Amino acid sequence: MSEANEAILDPLSTCVHCGFCLPACPTYLATGDESDSPRGRILLMRALARGELSPDDSGLNDHLDACLGCRGCEPVCPSGVRYGAGLEAARDTLTRAHGLPLKARLILRVFRHAWLWKPLLFAARALRATGLPAALAGRTGIRFAMGMLASSRASKASRASRWSRVASLGSSTQLARPARPARPARPARPANLFSGCVMSTLFSHVHDATGEALRDAGYAMDCPRGQACCGALHAHAGDLDGARVLARRNIASFRGGDGPIVVDSAGCGAMLKGYGHLLETDEAARFAGRVRDVSEMLVEGSRGRALSAQRSALSAVYDSPCHLQHAQGIIDQPLALLSQVPGLTLLPLGDSEKCCGSAGIFSLLEPGMSQAVLDAKLDAILAVDPAPDLVLTGNPGCLMQIGAGLRARGSTIRTAHPVEVVSRRSSVVECGSRPEPDD
């Protein structure tokens with residue numbers, strides 16, 4: 001049996017078809033079709049690996065394409081099936097057999113090269129600053145895309161203060177901060193910020209808030225040169241070769257240090273933590289072992305001291321990103337962190353662990369399924385009484401997807417990253433830049 005086929009079968013080998021995964025699968029809940037469940041897709045992937053189904057089989061491709069890759073099935077599986085690894089290997093096999101769809105190929109090519117995605121995302125941010133995306137936001141097509149772009153802006157409700165200065169993109173530097181009362185000196189612990197692509201452009205305000213919160217926790221933050229997209233979009237779509245190229249670039253950019261690599265995007269964090277498996281080298285495994293989500297870092301740094309971040313009263317629900325909860329196993333830390341923020345009332349959200357339908361570029365490639373999954377998420381948010389001011393979630397795709405959905409339904413609830421309500425004020429990391437006027 002070929003290595004490619006073993007890569008599909010090995011992660012799925014413990015599946016006993018018990019069905020515990022079905023209620024955890026958002027696409028199965030949306031369609032009721034067994035072939036759109038993890039159990040059904042595992043049967044299809046095994047048939048592909050054993051040569052019982054051709055890579056050109058339309059049903060096989062349709063059902064695997066319709067999978068969000070949220071990995072919500074993994075925590076509930078009593079047999080420990082590594083569904084996500086099997087899915088990526090199966091999609092890689094299909095990509096090698098007949099290539100990617102044109103739209104996916106173009107998107108992934110852009111995110112493989114910083115000289116392409118940087119100007120495009122900065123142009124998108126310039127468009128966002130005009131206010132047109134917020135005005136044009138709607139439920140479908142280009143109007144939904146406009147709503148996603150509008151929802152990438154820092155929420156007025158979450159913004160405690162303005163940023164202090166502008167710094168150039170892509171340099172290695174320490175953070176700058178506004179003046180504050182003196183406190184007892186203590187050695188700063190080194191930490192490195194993973195800049196990413198969407199986060200360093202559309203969500204630079206989150207990077208800045210991350211830097212300030214970690215500085216308060218006693219870290220000296222750095223943002224190394226030469227970083228690339230994390231490769232998650234490529235890996236999930238089946239372009240594992242493209243993901244490996246980007247992984248090697250990122251590993252090279254963080255050589256020379258051993259401090260933690262801090263990530264404020266759940267999808268990027270899950271990908272970076274998987275570099276050891278992706279590249280199968282000792283260096284990649286060491287890199288992966290350094291990766292920490294910002295909530296992990298802040299919970300540790302805030303032990304024994306009260307946060308003094310948010311002063312005004314806010315109410316919020318927390319929606320757990322799939323690749324934070326299911327892929328990284330980080331569940332309690334964001335909630336523990338938010339529970340310490342003065343003035344913040346955290347309201348319960350039903351099915352907060354369920355996917356919102358974003359899933360990287362899934363909403364662009366499979367808009368129908370994406371909307372069906374999003375509708376269930378929006379129903380849960382809008383059922384919260386009293387209505388919250390914010391939906392807090394730690395992934396850019398989720399922030400944009402949920403934000404666009406709420407705008408399309410005429411809701412005034414906005415989205416924000418948890419670190420935005422934790423940070424007392426914002427300092428500029430050289431991966432970030434100036435915020436825009438209020439929405």
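Just so we're clear, the structure is a prediction, and the values are computed from it rather than from any experiment.
Side chain of Thr93 to backbone of Ala89: a donor-acceptor contact under 3.5 angstrom is found. Of the possible donor and acceptor atoms, none in the side chain of Thr415 sits under 3.5 Å from a partner among the backbone N and O of Val391. No donor-acceptor pair under 3.5 Å is formed between the side chain of Ser295 and the backbone N or O of Gln333. In this structure, Arg215 contributes its side chain and Ala220 its backbone to no donor-acceptor pair below 3.5 Å. Arg46 contributes a side-chain N or O that, together with a main-chain N or O of Leu12, makes up a donor-acceptor pair within less than 3.5 Å. Using a distance-only test at 3.5 Å, with no hydrogens or angles considered, a donor-acceptor pair links the side chain of Arg290 to the main chain of Gly259. No side-chain donor-acceptor contact under 3.5 Å links Gln371 to the backbone of Thr140. Remark: the backbone N or O of Ala209 is not paired with any side-chain donor or acceptor of Glu420 at under 3.5 angstrom. Ser151 contributes no side-chain N or O that, together with a main-chain N or O of Leu399, makes up a donor-acceptor pair within less than 3.5 Å. In this structure, the side chain of His113 does not engage the main chain of Trp115 through any donor-acceptor pair within 3.5 Å.
Counting only heavy atoms from C-beta outward, the side chains of Leu338 and Leu344 approach each other to under 4.5 Å. Side-chain atoms of Ser204 and Arg125, non-hydrogen and from C-beta on, do get closer than 4.5 Å to each other. Taking 4.5 Å as the limit, every side-chain heavy atom of Val294 sits out of range of all side-chain heavy atoms of Val422. Under the 4.5 Å side-chain criterion, counting only non-hydrogen atoms from C-beta, Met297 is in contact with Arg292. Taking the side chain as every heavy atom from C-beta outward, Pro133 and Leu127 approach each other to under 4.5 Å. In this structure, Pro418 and Tyr318 have side chains that are in contact, with non-hydrogen atoms separated by less than 4.5 Å. Side-chain contact between Leu365 and Lys103: present, with at least one pair of heavy atoms (C-beta onward) separated by less than 4.5 Å. Residues Leu149 and Leu202 meet the side-chain proximity criterion, which asks for heavy atoms closer than 4.5 Å.
Pairing each heavy atom of Met45 with each of Gly86, the nearest pair is SD-O, 3.7 Å. Summarising the geometry of Leu347 relative to Pro386, their closest heavy-atom pair is CD1-O, 3.4 Å, with the distance given to 0.1 Å. Considering all non-hydrogen atoms of both residues, Ser152 and Arg128 come closest at OG-NH1, 2.7 Å. In plain terms, the two heavy atoms of Leu68 and Pro26 that are nearest each other are CD1-CG, 3.4 Å. Nearest approach of Cys67 to Arg91, heavy atoms of both residues: O-NH2, 2.7 Å. Closest non-hydrogen pair, Arg407 versus Ala134, comes out as NH1-CB, 3.7 Å.
Going from atom CD of Glu74 over to atom CZ of Arg82 covers 8.5 Å, rounded to the nearest 0.5 Å. Residue Ile8 holds its CD1 atom at 11.5 Å from CG of Leu44, rounded to the nearest 0.5 Å. To the nearest 0.5 angstrom, Leu406 atom CG is 8.0 Å from Leu374 atom CG. If you take OG on Ser370 and CZ on Phe144, they are separated by 6.0 Å, rounding to the nearest 0.5 Å. Going from atom OH of Tyr83 over to atom NE2 of His326 covers 13.0 Å, rounded to the nearest 0.5 Å. Within the model, atoms CG of Leu392 and SG of Cys398 stand 12.5 Å from one another, a figure rounded to the nearest 0.5 Å.
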Please table the atom pairs, donor to acceptor, closer than 3.5 Å between any side-chain atom in residues 228-249 and protein atoms at least two apart or in another chain.
residue	atom	partner	partner atom	Å
His234	NE2	Leu108	O	2.9
His236	ND1	Glu88	OE2	3.2
Asp239	OD1	Gly242	N	3.0
Asp241	OD1	Arg96	NH2	3.1
Asp241	OD1	Arg244	NH1	3.1
Asp241	OD2	Arg96	NH1	3.4
Asp241	OD2	Arg96	NH2	3.2
Arg244	NE	Leu278	O	3.3
Arg249	NH1	Arg112	O	2.8

Identify all side-chain donor-acceptor contacts of residues 376-383 below 3.5 Å with residues at least two apart in sequence or on another chain.
residue	atom	partner	partner atom	Å
Lys377	NZ	Asp319	OD1	2.6
Lys377	NZ	Asp351	O	3.0
Lys377	NZ	Lys354	O	2.8
Asp379	OD1	Arg409	NH1	2.7
Asp379	OD1	Arg409	NH2	3.1

Go through it in stages, so that I can follow the logic: the residues are Ser200 and Gln227, the test is side chain to side chain donor-acceptor pair (under 3.5 Å), and I'd like the CA-CA distance, side-chain angles, deciding distance and then a yes or no.
CA-CA 11 Å; Ser200 66; Gln227 298 183 50; over 6 Å; no
Would Arg41 and Thr27 count as a side-chain contact (heavy atoms from CB on, under 4.5 Å) here? Give the steps.
CA-CA 11 Å; Arg41 290 183 176 117; Thr27 55; 3.1 Å; yes
Trace of the side-chain contact (heavy atoms from CB on, under 4.5 Å) decision for Leu94 with Leu48
CA-CA 9 Å; Leu94 296 177; Leu48 170 67; 4.0 Å; yes
Checking side-chain contact (heavy atoms from CB on, under 4.5 Å) for the pair Asp264/His207: CA distance, chi angles, key distance, verdict?
CA-CA 7 Å; Asp264 49 20; His207 275 350; 2.9 Å; yes
Quick one, Met400 with Phe203, criterion side-chain contact (heavy atoms from CB on, under 4.5 Å). Give me CA distance, side-chain angles, the key distance, then yes/no.
CA-CA 10 Å; Met400 297 168 74; Phe203 289 92; 3.7 Å; yes
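Under the rule for a side-chain hydrogen bond (donor to acceptor under 3.5 Å, both in side chains), the partners of His98 that lie at least two apart in sequence or sit in another chain are Asn61. By the side-chain hydrogen bond (donor to acceptor under 3.5 Å, both in side chains) test, Ser253 is found to be paired with no residue, residues two or more places apart in sequence or in another chain being considered. Residues that satisfy the side-chain hydrogen bond (donor to acceptor under 3.5 Å, both in side chains) test with Ser411, not counting sequence neighbours, are absent from this structure. Residues forming a side-chain hydrogen bond (donor to acceptor under 3.5 Å, both in side chains) with Thr393 (at least two apart in sequence, or on another chain): none.
The 12-atom threshold is not exceeded at CZ of Arg109, counting heavy atoms of other residues, nucleotides or ligands nearer than 6.0 Å.
Salt bridge annotation for Lys273-Glu296: present, with a cationic side-chain nitrogen under 4.0 angstrom from a carboxylate oxygen.
Using a 3.5 Å distance cut-off with no hydrogens or angles, the side chains of Gln325 and Ser320 do pair a donor with an acceptor.
Across Phe254, Phe194, Phe287, a single residue satisfies ring pair (Phe, Tyr, Trp, His ring centres under 6.0 Å) together with Tyr275, and that is Phe287.
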